[in-house]
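As structure tokens, the structure follows; a few thoughts come after it.
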Amino acid sequence: MGTTGIVVVQKVGGKSTATRCFSTYPLKLIIPTKVGSSKIDVVWIYSLSYGGGVVSGDCISCSINVEDDCSAAFTTQASTKVYKSIGSKISGQILEVKIGKNAFLAVIPDPVTCFAAARYHQKQVFKIEPDSNLVVVDWFTSGRHENGEKWNFEVYKSTNHIFLNDEQPLFLDSVLLDQTLAVGGIAESMCNYQVIGMLIFFGPKLKCIQSLVQDKVKKMMTAYYLTPARAKISPSLIASCNAFGLKETGLVVRIAAVTTESVYDFLREQLASIESLIGAAPYC
Amino acid sequence: MVGFEVDSHLQWSQWQLLDSILPTGGFAHSYGLEASIQTRIVTGPEDLKLYVIHVLDNIGSLLLPFVHNAHKSLDFESWSKLDRWLEATMTNEISRKASTSQGSALLRVATSVFAEVPHLKQLRDIALSSSGAISFHHAPIFGLLCGILGFDACFSQRAYMFMAMRDVLSASTRLNLIGPLGAAKLQHQIAPIAEQMVMKWMDRPIEEACQTIPLLDTVQGCHAYLFSRLFCS
């Protein structure tokens with residue numbers, strides 16, 4: 001599969017600069033200059049798709065290289081819609097990222113929404129250094145659930161791999177939802193939840209925000225568990241924090257929610273303080 | 001005659017490995033059941049069957065590749081690679097700690113019980129002397145142990161699912177969700193479904209290890225937030 005997008009961010013005259021930005025159908029990458037505060041040194045990269053979604057059989061392969069001491073944010077303008085698969089063709093997106101020493105990348109997209117009968121594979125590989133900094137949001141919804149389309153896609157697979165110093169496995173996560181493999185179907189395993197998400201933090205620049213997020217989530221969930229059992233129904237948003245890596249330097253927050261809007265609210269709140277790193281608050 | 005003796009000897013060892021009397025600490029874990037009850041995802045005995053099936057599916061897809069590959073090569077290098085890979089794969093902190101505490105208990109117990117197999121003790125000694133190189137995750141140790149004791153690959157993966165089912169059903173009785181007879185009946189009902197899952201996930205490379213029930217993982221991660229709890233995970 002050919003590469004459909006490449007971005008290289010390097011220091012030019014002391015500023016993070018996109019020294020290379022290439023994209024070809026079905027991917028379009030744009031680098032707007034005025035996303036946030038001009039005082040913050042960061043390159044914003046927007047990923048757009050033609051026709052607002054991923055069509056059956058599309059293969060999008062993108063690489064981003066954030067060199068030493070640079071900062072970048074990678075985002076979308078709207079949710080990634082994956083249309084129904086024709087002739088069991090799989091659509092896929094691959095993202096390969098390299099982050100240099102003391103560099104920072106935030107991957108903060110809108111969710112992936114697989115329509116009924118869609119088949120979708122996504123793989124994101126991050127190669128980082130011990131002092132690289134990374135924020136990744138990866139989330140998906142049950143489909144057009146307001147139209148009654150709940151977990152009706154055929155296959156959704158998402159892989160997020162983080163390797164330290166090129167080949168040391170630091171975080172290896174894969175989710176596979178396959179209608180034909182799932183005992184009793186995907187919808188049944190989701191109870192009434194329509195959105196599943198994950199928020200990953202790694203690196204010295206994110207140490208403070210990590211402990212803030214841990215405290216907030218703990219407060220929210222312990223408040224729920226303290227309510228007497230008889231009066232209780234499942235929470236409309238569940239979140240849990242897990243440290244990972246040697247000396248627990250990374251943090252992953254897992255989220256399950258009934259509405260997409262509640263996850264936007266959650267992400268907006270938890271990620272507000274990375275504004276100081278990327279010049280604008282995410283999801284605002 | 002000799003073949004028969006070898007075979008009967010294997011059977012005694014297999015039963016002992018799966019016997020709940022083997023003190024490996026499996027019964028300290030509910031596989032997220034306690035958190036799921038308190039999150040009102042499991043509200044009564046009628047939800048339990050599906051819950052157990054989901055736990056087994058997630059274990060099959062995530063951990064059977066590690067049991068299988070540890071069984072395939074019984075040397076320290078391969079084991080340590082699998083252990084490191086699994087350490088990065090178990091991104092759920094609660095499950096990760098449950099896995100390493102059960103794994104180290106299993107290896108310690110097996111080394112003293114199956115004392116006639118020197119290879120076990122050798123591996124454990126290397127692991128203990130190479131500080132921090134091994135986290136002692138349960139699935140690879142179980143596969144390794146089955147391989148060293150001469151059990152076949154299919155047995156090791158089916159047995160792994162059996163133990164998980166045994167432990168989660170045992171937890172369900174102690175959480176007063178179901179009585180001991182009800183649990184035994186459920187175990188028998190789920191067995192054919194568990195067998196389908198073994199067939200579905202067996203003999204896979206570790207690169208294919210994945211989660212199939214993401215909601216379960218989110219809820220299992222909430223175990224530490226529970227106000228009162230009986231189990232470690």
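Because the structure is predicted, anything quoted here is derived from the model rather than measured. Residue numbering restarts at 1 for every chain, and letters A, B, ... go by the order of the sequence lines.
Taking CG from Leu172(A) and CE from Met90(B), the interatomic distance works out to 12.5 Å, rounded to the nearest 0.5 Å. Atom CH2 of Trp79(B) sits about 5.0 Å away from atom CD1 of Ile141(B), to the nearest 0.5 Å. Separation of atoms CG (Leu177(A)) and CZ (Phe153(A)) is listed at 5.0 Å; rounding is to 0.5 Å.
The most heavy-atom pairs under 4.5 Å with chain B, out of Ile196(A), Leu181(A), Thr159(A), come from Leu181(A). Note on Thr43(B), Ile94(B), Leu86(B), Asn92(B): by heavy-atom pairs under 4.5 Å with chain A, the leading option is Asn92(B). The candidate with the highest count of non-hydrogen atom pairs below 4.5 Å against chain A, out of Trp85(B), Tyr51(B), Phe227(B), Trp201(B), is Trp85(B). Chosen from Val219(B), Thr91(B), Ile213(B), Thr89(B), the residue pairing most often with chain A at heavy-atom distances under 4.5 Å is Thr91(B). Between chain A and the residues Leu50(B), Ile41(B), Leu226(B), Thr39(B), the most heavy-atom pairs under 4.5 angstrom are made by Thr39(B). If you tally non-hydrogen atom pairs under 4.5 Å between each of Thr212(B), Ile37(B), Asp57(B), Leu216(B) and chain A, the highest count goes to Thr212(B).
Contacts of residues 187-199 of chain B with chain A at a heavy-atom distance below 4.5 Å involve Ile193(B), Met197(B), listed in sequence order.
Contact of Ile238(A) with chain B is made through backbone and side chain together, with heavy-atom distances under 4.5 Å. Only the backbone of Ala209(B) comes within contact range of chain A, with at least one heavy atom under 4.5 Å from a heavy atom of that chain. Residue Leu246(A): no heavy atom, backbone or side chain, is found under 4.5 Å from chain B. Neither the backbone nor the side chain of Leu62(B) comes within less than 4.5 Å of any heavy atom in chain A. Heavy atoms closer than 4.5 Å to chain B are found in the backbone of Leu170(A), but not in its side chain. Using a 4.5 Å cut-off between heavy atoms, Tyr193(A) touches chain B through its side chain atoms alone. Only the side chain of Phe163(A) comes within contact range of chain B, judged by heavy atoms closer than 4.5 Å. With a 4.5 angstrom heavy-atom cutoff, Glu188(A) touches chain B via backbone and side-chain atoms both. Heavy atoms of Val175(A) lying under 4.5 Å from chain B belong to its backbone as well as its side chain. Heavy-atom distances place the side chain of Ile53(B), and not its backbone, under 4.5 Å from chain A. For Lys81(B), no part lies near chain A; criterion is any non-hydrogen pair under 4.5 Å.
Side chains of His137(B) and Ser99(B): a donor on one and an acceptor on the other come within 3.5 Å. If you check the side chains of Asn192(A) and Ser234(A), you find no donor sitting under 3.5 Å from an acceptor. Residues Ser80(B) and Arg84(B) have side chains that bring a donor and an acceptor to within less than 3.5 angstrom of each other. Residues Ser63(A) and Glu96(A) bring no donor and acceptor atom of their side chains to less than 3.5 Å of each other. For the residue pair Thr100(B) and Arg96(B), no side-chain donor N or O sits within less than 3.5 Å of a side-chain acceptor on the partner. Looking only at atom types and distance, the side chain of Gln93(A) has a donor-acceptor partner in the side chain of Tyr120(A) under 3.5 Å away.
Ion pair Asp265(A)/Arg268(A) flagged as a salt bridge, since at least one NZ, NE, NH1 or NH2 atom sits closer than 4.0 Å to an Asp/Glu carboxylate oxygen. The residues Asp173(A) and Arg254(A) are annotated as salt-bridged, a charged nitrogen and a carboxylate oxygen being separated by less than 4.0 angstrom.
The local environment of NZ in Lys157(A) is crowded, with over 12 non-hydrogen atoms from other residues, nucleotides or ligands closer than 6.0 Å.
Tyr264(A) and Tyr283(A) have their aromatic ring centers within a separation under 6.0 angstrom.
Taking the centre and axis of the six-membered ring of Phe115(A), the NZ or CZ atom of Lys81(A) falls outside the cone set by 45° and 6.0 Å.
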